[in-house]
Participant: 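Questions regarding the structure given below will be posed in turn.
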Amino acid sequence: MDSLGSFALLLALPLSLYALTAALLGQWKRKPLLAQSSERAVLATGGLVLVATACLVISLLQDDFRLAYIASHSNQALPLYFKFSALWSGQEGSLLWWSCILAAYTMAVVLLNRRSHQHLMPYAIATLMAVQFFFLLLNNFAANPFRLLGVETPAGMQVFSPPDGGGLNPLLQHPAMVIHPPMLYLGFVGFTVPFAFALSALATRARGEKWIHITRRWTMVTWGFLTIGVLLGGRWAYAVLGWGGYWGWDPVENASLLPWLTGTAFLHSVMMQEKRGMMKVWNMLLIFATFFLCIFATFLTRSGVLSSVHAFAQSAIGPYFAVFITFGLVFSAILLLRRLDFLKSENQLDSLLSRESSFLFNNLILLAACFAVLWGTLFPLISEAVRGVKISVGAPYFNTVMIPIGILLLILTGAGPLLAWRRTSLESLLRNFALPLLFGAALALLSFVLSFFLDFFQGARNPYALMTIFLAFFVLATIAMEFFRGARVLRQKSRLGWPGATLELTRRNTRRYGGYVIHFGVALLFIGFVGNALSTDRQIEMRPGDEFNLRDYRFVLRGLEEAENDNYIASRAKIDVYHGENFLTTMYPERRFYKASQQPTTEVDIRSRLQEDVYLVFAGLAEDSGRAVIHAYINPLVNWVWIGGFVMVLGTLIALLPSKAPRPAKPLRRNLSRAQSREKRVKERDEITV
Amino acid sequence: MRLPSRRMVTLALSFRACPESRSAGRGTKRGICFSSARLAVLTLGVWLLAASLPVILLAQSPQVDKEAFRRISDKLICQCGCNYGLSHCPHLQCPSAPVLRASIHRNLAAGLADQEILDAMVADNGLAVLAAPPAEGFNLTAWVMPFAVLLLGLMAVLIIAFVWRFVRRPAPAADPALLDRYRKRIEREMKNLEE
């Protein structure tokens with residue numbers, strides 16, 4: 001398997017270069033056969049990369065510890081699904097996984113577009129293959145997953161197979177890790193497709209919004225995957241890392257957020273280009289930024305340039321990425337500058353109070369957020385380079401900087417969709433906003449008042465939390481009203497009930513109402529964020545029988561239990577949880593020791609409810625007293641973060657569906673047919689008269 | 001121990017002047033008369049307050065310490081390489097967090113203020129122990145830049161919006177041949193209409 005995989009990777013490298021060259025030559029020399037040949041080379045390259053990936057997966061499942069990658073990232077006792085996920089747990093495997101996803105995307109692009117968009121395909125193929133060539137270069141020479149372990153013998157170098165592997169990093173042995181990296185990579189890699197078509201549109205001097213129409217679904221699907229990937233990363237951190245939170249502003253977490261922010265800005269601003277022919281240069285810049293931030297995120301995760309609990313690989317591939325990003329940026333910038341005359345705006349802004357201006361501000365805030373995250377992430381490096389002083393930039397910095405920016409974004413999430421294209425009158429603005437504003441203000445006031453009586457609401461005295469509650473409910477109310485207004489009109493015209501009318505409304509304009517659903521999810525997400533201000537925790541050393549209180553909960557340590565399987569030895573605390581005097585449940589936070597990797601981990605136990613999570617960590621036994629160290633957290637509203645994410649993905653799926661063309665109402669159709677038959681009779685009579 | 005009730009404090013403080021011995025009466029001080037009963041209440045009140053003070057302080061100090069500890073440790077980063085805040089490092093055998101936490105407790109017990117404790121931490125461990133760079137010198141750029149970019153962007157957006165809104169481009173000149181064709185068509189149709 002290793003020879004086949006290695007050979008497939010090696011063969012794919014020149015083939016990708018051939019596809020790139022043939023695509024360019026076919027376009028320049030006007031040779032359709034060469035262009036066709038390049039398309040076939042793309043399919044062949046894709047096939048070879050898929051074969052190589054399959055070989056590595058089979059080797060992982062067969063415990064072929066002759067391969068250095070498998071020996072250091074898997075072991076015999078590892079469950080089968082974790083053996084599969086070991087594919088992306090290390091440097092070499094994850095880079096092969098990048099190539100594999102890109103190969104699949106490229107093959108899909110070629111198969112779906114080679115007939116319909118022939119003029120754009122050669123340059124798009126060339127771009128995709130240039131990226132593929134770079135990753136295949138890494139796969140073959142910098143991080144080969146098929147490298148064999150060798151041992152020096154008198155007879156020369158011999159292949160060596162250890163009896164067992166070093167095992168998968170225990171932190172990665174979590175169900176979320178089986179789907180989080182693929183989702184994130186599907187997002188990262190997917191932005192290569194709109195980037196390739198954007199470059200192709202520039203290279204071919206294609207006027208119009210063709211490239212945007214072609215890539216709209218690609219971009220949305222990719223953005224959806226990235227959203228799922230980022231949220232699953234948060235879910236994994238929450239369930240595995242045991243610090244009670246889901247977002248610690250770690251460099252790798254930040255790196256995944258950067259392209260999401262620019263991608264979101266792009267998804268909004270392309271609407272201005274589609275509807276009004278505006279922001280053409282800006283959209284190019286945004287898709288370039290998104291693509292290069294995806295590459296930068298991969299580089300940050302894989303190079304070890306910044307220390308992170310999420311960085312599971314460190315090596316010397318940094319310079320490769322630096323060269324690739326620099327070359328790509330320079331090339332894209334030159335091409336953009338040379339084509340500026342093709343990207344002139346077709347329309348102008350009619351009013352400052354319009355959908356267009358809301359998109360301008362939305363883009364500004366999203367990019368400011370992106371800059372703030374990037375600046376904070378890189379500032380330790382900048383400080384060390386400029387002053388030679390090591391500093392840390394952690395959660396307090398990001399929370400201080402990002403919360404005001406997030407609040408501005410939330411305002412636009414609610415206000416933007418209600419503004420009309422071209423111009424909005426002040427009266428309609430007041431009419432649309434009055435009720436949602438009142439609703440948001442009432443709920444914020446209620447939370448503030450309750451904060452003096454109920455522990456749960458204590459954090460609502462924080463001005464940011466209060467502002468977020470106000471704005472989140474303002475957004476929810478504006479969106480609910482939009483659905484209500486549309487459904488009411490439909491109900492007047494048809495016999496549909498409220499659910500049917502809402503569904504029909506959404507089906508008639510999936511893009512618009514899908515967008516509203518996404519905004520609804522964002523508001524729910526922000527409600528979840530408010531929970532951070534309301535959370536509380538306590539760490540305590542306990543003997544069996546001891547108990548402690550946290551808010552309204554009482555925790556009683558019943559005892560400690562031991563468990564063992566082939567993969568790990570576990571010690572778990574058995575804790576009864578009471579709410580007041582009512583027994584709720586027994587929770588089992590664990591401390592595991594993985595045999596193969598010889599590493600301990602904490603396995604938290606979470607009792608999840610809509611209003612709050614009870615989150616228990618068994619940190620181990622205190623060295624001096626031998627007592628169990630239990631850290632308990634009460635985390636309100638966390639579930640709304642995941643629910644918000646789910647709603648956002650649902651909205652993306654709705655927006656991807658084709659809209660249904662409205663059928664004319666029945667009476668109208670009857671009148672139409674009557675009018676048509678009357679016209680026909682008059683015509684016949686006229687002919688007879690003549 | 002119970003705190004002196006509000007009613008008791010009110011009684012103790014509501015002395016009024018004794019009209020019969022305003023100038024030279026016993027227990028009169030600056031024109032305010034203390035009857036013996038009220039004096040007893042006052043003494044009892046002061047005594048109760050004094051007696052309960054240590055209890056109040058003792059009861060509150062662990063809470064104050066806990067809050068101060070949380071406040072300070074939230075501003076620090078564990079130095080074991082985990083990148084977590086000091087309050088959150090989940091590693092039991094962490095070589096750094098217990099040392100830093102003990103240092104905070106020691107300094108709190110010594111009566112140091114938050115900033116003094118943070119300064120001591122920086123002196124011992126370097127600036128990297130702070131979870132956020134101090135807003136001074138070069139590090140000020142870390143705080144200022146995001147908002148400066150936001151402001152610059154805002155200005156740029158407003159300028160773009162102003163230019164798009166108020167500085168209108170002249171309408172593109174129409175093709176003379178096309179104009180001529182339309183003119184002829186209008187004339188022809190007008191003529192047909194007249195006929």
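Labels below follow one simple rule: chain letters A, B, ... track the order of the sequence lines, proteins then strands, and each chain is numbered from 1. Fair warning: this is a prediction, and the values are worked out from it, not measured in the lab.
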Participant: Measure A:M278 against the heavy atoms of chain B and call it side chain, backbone, both or neither at under 4.5 Å.
Facilitator: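 It is the side chain, since no backbone atom gets that close.
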Participant: Measure distances from A:L367 to the heavy atoms of chain B and classify the residue's part below 4.5 Å as side chain, backbone, both or neither.
Facilitator: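 No part of it gets close to chain B.
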Participant: Side chain, backbone, both or neither: which part of B:L130 has a heavy atom under 4.5 Å from chain A?
Facilitator: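 Backbone of B:L130 only, per the 4.5 Å heavy-atom cut-off to chain A.
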Participant: In the structure I gave you, are the side-chain heavy atoms of A:P589 and A:T602 within less than 4.5 Å of one another anywhere?
Facilitator: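 No; the side chains remain at least 4.5 Å from each other.
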Participant: What residue, out of A:T601, A:L364, A:I405, has the most heavy-atom pairs lying under 4.5 Å from chain B?
Facilitator: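 Highest number of heavy-atom pairs under 4.5 Å: A:L364.
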Participant: Could you check whether any side-chain N or O of A:R592 sits under 3.5 Å from a backbone N or O of A:A570, counting only pairs where one atom can act as donor and the other as acceptor?
Facilitator: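 No.
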Participant: What part of B:D74 gets within 4.5 angstrom of chain A, counting heavy atoms only: side chain, backbone, both, or neither?
Facilitator: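 When you check distances to chain A, only backbone atoms of B:D74 fall under 4.5 Å.
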Participant: When you check the gap from the basic side-chain N to the acidic O, do B:R185 and B:E189 get nearer than 4.0 Å?
Facilitator: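 Salt bridge between B:R185 and B:E189, a charged N being under 4.0 Å from a carboxylate O: yes.
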Participant: Is A:V389 close to chain B through its backbone or its side chain, or both, or neither, when contacts mean heavy atoms under 4.5 Å?
Facilitator: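 A:V389 touches chain B through side-chain heavy atoms alone.
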Participant: Side chain, backbone, both or neither: which part of A:Y633 has an atom under 4.5 Å from a heavy atom of chain B?
Facilitator: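 For A:Y633, the contact with chain B is made by the side chain alone.
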Participant: Tell me whether the rings of B:Y84 and A:W243 are parallel (<30°), tilted (30 to 60°) or perpendicular (>60°).
Facilitator: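 Rings of B:Y84 and A:W243: tilted, as their planes differ by 30° to 60°.
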Participant: Heavy-atom pairs under 4.5 Å with chain B: which of A:S392, A:A368, A:G394 has the most?
Facilitator: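 The residue among A:S392, A:A368, A:G394 with the greatest pair count is A:S392.
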Participant: Counting heavy-atom pairs closer than 4.5 Å to chain A, which one of B:G137, B:A132, B:P134 comes out on top?
Facilitator: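 Option with the greatest count: B:A132.
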Participant: Mind checking whether A:F379 and B:F138 have parallel, tilted or perpendicular rings, split at 30° and 60°?
Facilitator: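 A:F379 vs B:F138 ring planes: parallel.
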Participant: Using non-hydrogen atoms only, which part of B:L158 is less than 4.5 Å away from chain A: side chain, backbone, both, or neither?
Facilitator: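 For B:L158, the contact with chain A is made by the side chain alone.
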Participant: Taking C-beta and beyond as the side chain, do B:L154 and A:F361 meet within less than 4.5 Å on heavy atoms?
Facilitator: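 B:L154 reaches A:F361 side chain to side chain.
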Participant: Only one of A:T377, A:N254, A:N399 passes side chain to side chain donor-acceptor pair (under 3.5 Å) with A:W249; say which it is.
Facilitator: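 So, applying the side chain to side chain donor-acceptor pair (under 3.5 Å) to A:W249 and each of A:T377, A:N254, A:N399, only A:N399 qualifies.
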Participant: Is the ring centre of B:W143 less than 6.0 Å from the ring centre of A:Y397?
Facilitator: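 For B:W143 and A:Y397, the ring centres are under 6.0 Å apart.
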Participant: Tell me, for A:V386 versus chain B, whether the close heavy atoms (under 4.5 Å) come from the side chain, the backbone, both or neither.
Facilitator: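 Contact with chain B: side chain only.
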